[in-house]
Amino acid sequence: MASSQPQSSVFLGVDVGTGSARAGIFDENGKLLGSASSSIQIWKEGDCIEQSSTDIWHAVCAAVKSACSLASVAPEEVVGLGFAATCSLVAVDADGSPVTVSWSGDARRNIIVWMDHRAVNQAERINSSKSPVLQYCGGALSPEMQAPKLLWVKENLKESWSMVCRWMDLSDWLAYRATGDDTRSLCTTVCKWTYLGHAHMDLHKSRDMEACGWDDEFWEEIGLGDLVEGHHSKIGRSVAFPGHPLGSGLTPAAAMELGLLPGTPVGTSLIDAHAGGVGVMESISDSDPKSEDEDAITSRMVLVCGTSTCHMAVSKSKLLVPGVWGPFWSAMVPEYWLTEGGQSATGALLDYIVQSHLAGPLVANRSASQGISVYELLNKLLASMAQDQKVPFLSSLTEDLHVLPDFHGNRSPIADPKSKGMICGLTLDTSEKSLALLYLATVQSIAYGTRHIVEHCNSHGHKINTLLACGGLAKNVLYIQEHADITGCSIILPRENESVLLGAAILGAVASNKYTTLHFAMKALNAAGQVIYPSNDPKVKRYHDSKYKIFRSLYEQQLLHRSIMAQALS
């Protein structure tokens, strides 16, 4: 499976998130040797959220140089590089220069960020087409996907529309900026652009995959037929598996900017959440009797927990799950179908709950003075409250407080971008303790959302019984334990928490021919860490079963309220 490489060879992964660009150096055992980050700029104006590709590239270069320095790695030791990024939409002209996608006309602002919701109306119109491609994204496009955003630009920024030569997912743009190769990833095109990856099912051994999965009728029908011109040159003439080696590797110019060697292999990219899946999905102990079972991977779901949470599961057969994105063929693990659930605001929601509470500044100051995070402080406070109040278990502190976490809509499994957040059980209490309770109830609501997704997927053919978690929220002990108790699933944490960076680095390892397939690389470089088990106390299960019923009823109440008000205004 592996070919000979120098003992000192390392793999470099780059991940561009919502707030920063990060780089990580990994050795041949998947161990992190050093990482660094560099912040990136963001503009938020109502539903419009924008970034700059120029700013992001500068941040990437800074992070890569810092990571190599911290890991004491020389340029010649980096044998492969991979990029992962948010599924944001980049606009560039024929020279590769940025084209504005902003009402402001600011040319720097050439990226519509993944969480931007300006295209809700466009998404509704596209979904009314009932195109066959929609069955591969849960039956409806989200305004966070690219087709609605493209239609918004065409309808609102006509000059920009005429100037753009390439529309690209951010991770594809990063790979293009590094190599000059315009080949797109099956991951980005299938998951966010309605590309039908299974058109390649008989071509999976091809090294050069001409784009054959675009549904031209769909683009014509929704009013974007001009994107079909030139063999789809603006949205992707060639598409390849994640980890496919691009061009001749790093161009001399990009290599100089990154502090690496020209020709360093670069693999076709992944969306950040999908890179997290690649970096963690095979994090199973060698002593696990299922570790050698090829089908065992299909019983797992990866939670990539950050600003939002993505729920990634794979299957050997095509499973259509209403309200859940996919099935996407080879979008994460080649030759497996990917099902992708998600919650649009999780880390962002917890931050909002803390920052908007009157006790938020006090808790922030106290946590800073103690040198711990706000959430560590709140977890300690909850443990103290549980002890003082002599409750049977900590989770029961929220018996009178219930939250629907759809503050940024519901991505899965209801697929309702208009859904709103709800809190039931508020009082006039503005103390730190009231904030701690609201925080706990919000954590639980996010976990109930995950339970809803798992149950919904399993009712449509999946057999998920194990969760693997990575990302910032996976470091929160209370957050992970509540998820285990509420879903009833054991949760495996990887040895290396920087799973998105590792997933990106694995792309470089495959591009360098260190491994013959992405799945072999995952098995070699993933490793298990701690396992969190659900409580075996039947009272805990009964408590969460009851709260879950209330959680499900909150959305039904919202629909009723929506109907009543619609009638009042009709």
Side-chain angles (χ1 to χ4, degrees), residues 303 305 309 343 345-360 362-363 367 373-407 410 419-455 469 473 476-489 491 532-558:
L303 309 185
C305 315
T309 294
Q343 294 162 293
T346 50
L349 176 57
L350 293 174
D351 288 345
Y352 170 80
I353 290 295
V354 171
Q355 293 164 9
S356 62
H357 196 281
L358 282 176
L362 179 60
V363 168
S367 64
S373 74
V374 166
Y375 300 114
E376 287 176 290
L377 180 65
L378 290 172
N379 291 351
K380 284 185 175 182
L381 181 54
L382 287 167
S384 176
M385 291 168 64
Q387 188 173 14
D388 292 345
Q389 296 178 30
K390 296 182 171 56
V391 295
F393 44 88
L394 186 146
S395 298
S396 64
L397 287 168
T398 60
E399 63 174 312
D400 297 324
L401 193 57
H402 309 283
V403 176
L404 184 69
D406 296 351
F407 285 58
N410 183 285
S419 183
K420 302 293 189 291
M422 298 172 70
I423 302 175
C424 176
L426 290 175
T427 71
L428 295 176
D429 188 353
T430 59
S431 69
E432 294 175 67
K433 289 183 178 180
S434 76
L435 171 55
L437 289 176
L438 183 56
Y439 154 71
L440 175 58
T442 305
V443 167
Q444 290 171 342
S445 75
I446 294 168
Y448 295 133
T450 292
R451 174 173 169 174
H452 193 189
I453 292 168
V454 171
E455 289 183 354
L473 291 177
N476 185 328
V477 176
L478 180 140
Y479 185 91
I480 294 300
Q481 187 63 60
E482 290 297 295
H483 272 71
D485 292 346
I486 286 167
T487 62
C489 296
I491 301 181
I532 308 299
Y533 296 97
S535 170
N536 57 11
D537 185 344
K539 292 180 181 178
V540 173
K541 183 180 187 307
R542 186 162 63 246
Y543 176 81
H544 284 306
D545 285 347
S546 298
K547 285 207 71 170
Y548 181 60
K549 289 180 182 177
I550 296 172
F551 166 83
R552 295 288 299 271
S553 73
L554 289 176
Y555 179 72
E556 298 302 322
Q557 291 176 35
Q558 184 176 142

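Just so you know, residue 1 is the first one in the sequence shown, and it goes up from there. Only a predicted model underlies this, so the values are computations on that prediction, with no experimental measurement involved. Just the heavy atoms: all of them, side chains too, but no hydrogens, waters or symmetry mates, feed the values below.
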Q: Please list, chain by chain and in numerical order, all residues satisfying side chain to side chain donor-acceptor pair (under 3.5 Å) with T487, sequence neighbours excluded.
A: none
Q: Who pairs with D545 by salt bridge (Lys or Arg N to Asp or Glu O under 4.0 Å), at least two apart in sequence or on another chain?
A: R451, K541
Q: Could you give the distance from CZ (F407) to CE (M422), rounded to the nearest 0.5 Å?
A: 10.0 Å
Q: Roughly how far, to the nearest 0.5 Å, is the CD atom of Q444 from the OG1 atom of T398?
A: 3.5 Å
Q: Report the residues that fulfil side-chain contact (heavy atoms from CB on, under 4.5 Å) with S553, sequence neighbours left out, ordered by chain and then residue number.
A: I550, Q557
Q: Measuring from K420:NZ to L554:CG, what's the distance to the nearest 0.5 Å?
A: 15.5 Å
Q: Which residue pairs pass the salt bridge (charged side-chain N to carboxylate O under 4.0 Å, His left out) test with at least one member in residues 421-449, sequence neighbours excluded?
A: R366-E432
Q: Show the nearest heavy-atom pair for residues F393 and K539, with the distance to one decimal.
A: CZ-O, 3.7 Å
Q: Measure across P534 and A484 and return the closest heavy-atom pair with its distance rounded to 0.1 Å.
A: CB-O, 3.2 Å
Q: Using ring pair (Phe, Tyr, Trp, His ring centres under 6.0 Å) as the criterion, list what pairs up with Y533, not counting sequence neighbours.
A: none
Q: Which pair of non-hydrogen atoms, one from L349 and one from A345, has the smallest distance, and what is that distance?
A: CB-O, 3.6 Å
Q: Quick one: does L394's side chain get under 4.5 Å of L440's, heavy atoms only?
A: yes
Q: Applying side chain to side chain donor-acceptor pair (under 3.5 Å), can you list everything that pairs with S535, at least two apart in sequence or on another chain?
A: none
Q: Taking side-chain contact (heavy atoms from CB on, under 4.5 Å) as the test, write out the residues that go with Q355, two or more places apart.
A: D351
Q: Could you give me the CA-CA distance, side-chain angles and deciding distance for S419 and D406, then say whether side chain to side chain donor-acceptor pair (under 3.5 Å) is met?
A: CA-CA 6 Å; S419 183; D406 296 351; 2.8 Å; yes
Q: Return all side-chain donor-acceptor pairs below 3.5 angstrom for residues 377-389, not counting sequence neighbours, or 'none' if the list is empty.
A:
unit_1, atom_1, unit_2, atom_2, d
N379, OD1, Y439, OH, 2.7
N379, ND2, Y375, O, 3.3
N379, ND2, N476, OD1, 3.1

Q: Hey, what do you get for CG (L350) to OG (S445), rounding to the nearest 0.5 Å?
A: 8.0 Å
Q: Which residues pass the side chain to side chain donor-acceptor pair (under 3.5 Å) test with Y555, not counting sequence neighbours?
A: D416
Q: Who pairs with S434 by side chain to side chain donor-acceptor pair (under 3.5 Å), at least two apart in sequence or on another chain?
A: H357
Q: Rounded to the nearest 0.5 Å, how far apart are CG of L437 and CG of L426?
A: 11.0 Å
Q: Could you measure the distance from the CD1 atom of I480 to the CG atom of L473? Nearest 0.5 Å is fine.
A: 7.5 Å
Q: Have a look at Y448 and tell me which of K549, H544, H402 forms a side-chain hydrogen bond (donor to acceptor under 3.5 Å, both in side chains) with it.
A: H544
Q: Does the side chain of S395 pick up a donor-acceptor pair with the side chain of E482 at under 3.5 Å?
A: yes
Q: Per the ring-ring contact (aromatic ring centres under 6.0 Å, His included) rule, what does the pair list look like for residues 419-438, sequence neighbours excluded?
A: none
Q: Report yes if the side chains of T346 and Y479 come closer than 4.5 Å at any heavy-atom pair, otherwise no.
A: yes
Q: Are any of the side-chain heavy atoms of R552 and Y548 separated by less than 4.5 Å?
A: yes
Q: Taking C-beta and beyond as the side chain, do I446 and H483 meet within less than 4.5 Å on heavy atoms?
A: yes
Q: Would you say I423 and T442 make side-chain contact, with heavy atoms under 4.5 Å?
A: no
